[in-house]
Structures are given as C-alpha cells and as structure tokens.
Amino acid sequence: MPRVVGHLDLDYFYAQVEEVEDPSLKGRPVIVCVFSGRTEDSGVVSTANYRARELGVHSGMPIVLAKKKLEGKEAAVIRMDHRKYEEVSARIMEDLEGRVDVLEPTGIDEAFFDLTASTRGDYSAATKTAESIKEAIFNAEHLTCSVGMGRSKVVAKLGSDMAKPGGLKVVPADATASFLEPIPVEKLYGVGPKTSSTLLEMGISTAGQLAAADPSDLEKRFGKKFGGFLLLASTGDDSSPVTADLEPTQFSRIVTLKRDTSDPQEAFAQLAEGVEYVHRKLTTAGKSFRTLTAIGIYSDLSTKTKSRTFETPMDDLGTIRETSAALFEELGRSAEKPLRRAGVRVSSLSNKEGQTSLSEFLHPVK
DNA sequence: GTTATGCATCC
DNA sequence: CCTCCTTGCATAAC
C-alpha cells in the first residue's frame with residue numbers, strides 16, 4: 001500500500017489574517033513587517049499578499065524598498081503581531097488533528113499530515129478528505145490554503161507549492177516518477193541555493209537527472225547521509241514519516257541592537273527582554289536546558305557563538321542571565337568588529353522533574 | 001562519546 | 001539595505 005502524505009500551507013498567512021480582520025484591505029497591496037527599531041523604517045517585509053507581490057514586493061525585502069515600490073498604490077503597511085497569528089494557527093491545527101490520522105506541524109502556517117490508514121492508500125478518498133479540510137478552514141477562519149498530496153513528504157511539499165495560492169495538487173503514487181522528472185532541483189524540499197549550485201556544477205538541473213546520477217558521486221560531494229537523501233527525494237521515495245507531538249529541542253531569541261556596539265554589556269542590556277522571553281518559553285513547555293548559547297552577529301553580518309553546557313539541567317532565569325552575560329563578555333573580547341545583533345539560545349532540553357512530556361499530556365496512557 | 005562551532009535550510 | 005526562528009548535520013577538538 002502506498003503512503004498518503006499531505007502538506008498544507010496557509011496562503012500568505014500573516015497578511016491573509018490581517019485581511020480577514022479588516023476587510024477594507026482586500027484588493028489592496030498588504031505587507032506585514034518586522035520593524036527592527038533601529039531607525040523609523042528599518043526592518044524587513046515578513047509577508048506580502050499577492051497584490052503586493054505583483055508589484056515586485058516579497059518577503060525579506062527591506063521595508064524602505066518595499067514602500068518605494070508601493071508608493072501611490074493604496075498599500076497597507078502593518079506591524080507584525082505574532083501572538084495573533086499564533087492563536088489563529090493553534091485553532092486551525094487543533095481542528096486538523098481531528099481530521100487526519102497523524103498531524104505534524106512544521107511551522108506557524110504549515111503542517112504535514114498522513115491519511116494512509118484511514119484511506120487505505122486510496123488517493124481518490126484522500127482527495128475528498130483534502131477538499132473537506134480546505135473547506136473547513138475556510139468556513140471557520142475565512143482563510144484559504146494550498147494542499148499537496150503524494151507518497152512522500154517531498155512530493156507533498158512540492159504539490160502544495162505548485163497549488164499556490166488556494167489550490168489542491170494530488171500526485172497519485174503511480175504518477176510520481178513522471179511528475180518529478182522535469183522538476184528543477186532547487187524546487188525540492190531540503191535543496192537550497194548552496195546545494196543546487198553544486199548540483200548544477202555536476203550537470204544536474206532536474207529531479208530526473210538527479211535520479212540518474214551516480215550514487216557514489218553524490219556521496220562524495222554531499223556525504224553519505226545527505227547524498228542518500230537527495231537520491232531518494234529525486235524519485236519521491238524519501239521515507240521520513242509524518243510524526244505527531246514532536247518535542248521542541250531549543251528556544252532562541254535574537255534582537256537587532258539600536259546601534260552597533262563593541263561593548264558586550266550594552267548588547268546584553270538590550271537583550272534583557274529576549275532572555276526573559278526564552279525563559280518564559282522554557283517554563284511554558286515545562287523544560288530544563290543544559291546548554292546555553294550566546295549568539296553574536298557583527299556589523300558585517302558574520303556570526304559567532306559561544307556556549308556553555310551544564311552537568312545538570314537548569315531552568316531558572318538567574319542562571320540564564322548570568323551565563324549569557326558572561327558568554328557575551330567573551331564574545332565581545334574575542335571580536336574585532338562591533339556587534340549588530342545579539343541573541344540567546346537554550347538547547348539540550350529535558351522535561352522537568354515530575355513533568356510529563358507534551359505528548360503524554362495530550363494523549364495520556366489509559 | 002561529548003562538546004563547541006559553523007553551515008545550510010526554511011520560515 | 002539586511003528580521004527572526006528552528007532543525008539537522010559536519011567537523012574538529014576534547
């Protein structure tokens with residue numbers, strides 16, 4: 001029986017949530033932005049609706065540049081409200097859990113799902129389920145989404161990309177090979193600019209060519225693990241399962257400083273709220289950490305990190321404060337360039353004494 | 001085997 | 001002109 005794997009992606013999520021909340025935005029270019037606070041308009045576009053995209057604006061673009069492109073176009077420039085999008089996302093994910101066999105959220109606006117068991121590998125039954133899911137989200141939240149389905153995660157993700165915006169792309173298991181053959185390698189999940197340029201050097205530009213490549217050549221260039229993955233992905237045979245209740249493995253926060261500085265204490269002071277945020281996330285999740293990392297991003301945007309691992313799990317704000325302050329001191333001393341951004345991360349997480357894992361909490365053993 | 005650090009991906 | 005977050009992996013050093 002072939003697996004039935006789906007990928008659901010909420011369309012231009014942040015901007016669409018804003019459109020739903022304020023219908024007067026419909027039909028106008030809308031951009032949701034992260035303002036860094038450094039100057040009036042410093043920061044980047046997080047999400048642009050399709051009207052804004054038509055005018056050449058896309059995510060990652062500096063706000064100043066986006067505003068120029070949108071001048072005189074009745075555009076709405078909105079400050080990102082992460083809390084709001086998280087609430088909408090949580091409602092949708094909760095509803096989805098009841099409609100699929102397994103749900104694996106992979107971000108605030110997307111999730112993989114599995115329908116193998118309930119459809120017994122029947123792709124027409126799965127198509128009906130996907131359609132009802134799209135309908136349910138639209139009825140409940142007035143949001144559109146794009147869905148892809150196929151026999152693996154790579155195929156499902158490719159499908160949802162192709163279906164954007166608002167569509168459904170189903171690739172039945174036996175149509176996988178012909179579907180993948182002409183796909184450019186850079187479209188494959190897990191293949192970014194670095195990997196695709198290396199592949200191009202090897203004369204490989206499509207999934208079909210990748211599938212026909214010499215496995216040992218791929219291993220030499222990418223290592224055994226990633227080389228093997230590429231080969232499987234090229235034929236839609238990547239086997240990674242859809243997994244529910246994945247526990248977080250780290251929490252981090254990075255902020256942009258008001259001005260570049262070589263003074264570690266000044267940088268650390270501006271990170272104070274970020275430190276509290278990380279501690280709050282840790283507490284909410286009921287976790288302790290063993291490793292704490294200070295992250296420095298310098299004026300030339302290069303990155304340097306310093307970390308410390310404790311022998312026993314820690315969870316208090318004081319420890320995070322003191323340790324990150326000390327690590328920043330080291331970061332400042334070892335660098336010749338001033339800092340532009342500063343961050344803190346906790347990892348090597350474990351559940352606190354007496355706390356059940358999130359998964360046990362959600363689905364207790366009877 | 002564990003730790004520190006950086007790289008690549010994706011959002 | 002340049003935000004923020006997460007995950008996994010490679011590699012070197014201990």
Donor-acceptor contact below 3.5 Å, side chain Lys304(A) vs main chain Ile295(A) = no

For [X], report the nucleic acid contact type (base, sugar-phosphate, nothing); a contact means any heavy atom under 4.0 Å.
| X | result |
| --- | --- |
| Thr195(A) | sugar-phosphate |
| Lys157(A) | sugar-phosphate |
| Val255(A) | sugar-phosphate |
| Thr293(A) | nothing |
| Val64(A) | nothing |
| Gly190(A) | sugar-phosphate |
| Ile254(A) | sugar-phosphate |

Has Arg38(A) got a side-chain N or O lying under 4.0 Å from the OP1 or OP2 atom of dC2(C)?
-> no

Arg345(A) vs Phe310(A), nearer the 5' end of DNA chain B by closest nucleotide | Phe310(A)

Under 6.0 Å from the CZ atom of Arg38(A), do we count more than 12 heavy atoms belonging to anything else shown?
-> yes

Should the pair Arg53(A) and Tyr50(A) be classed as cation-pi, given the thresholds of under 6.0 Å to the six-membered ring centre and 45° from the axis?
-> yes

Nearest whole angstrom, please: distance from the P of dT3(C) to the CZ of Arg79(A).
-> 14 Å

Roughly, in whole Å, what's the span from CZ in Arg308(A) to C1' in dT3(B)?
-> 13 Å

Salt-bridge criterion met for Glu54(A) and Lys73(A) (N-O under 4.0 Å) = no

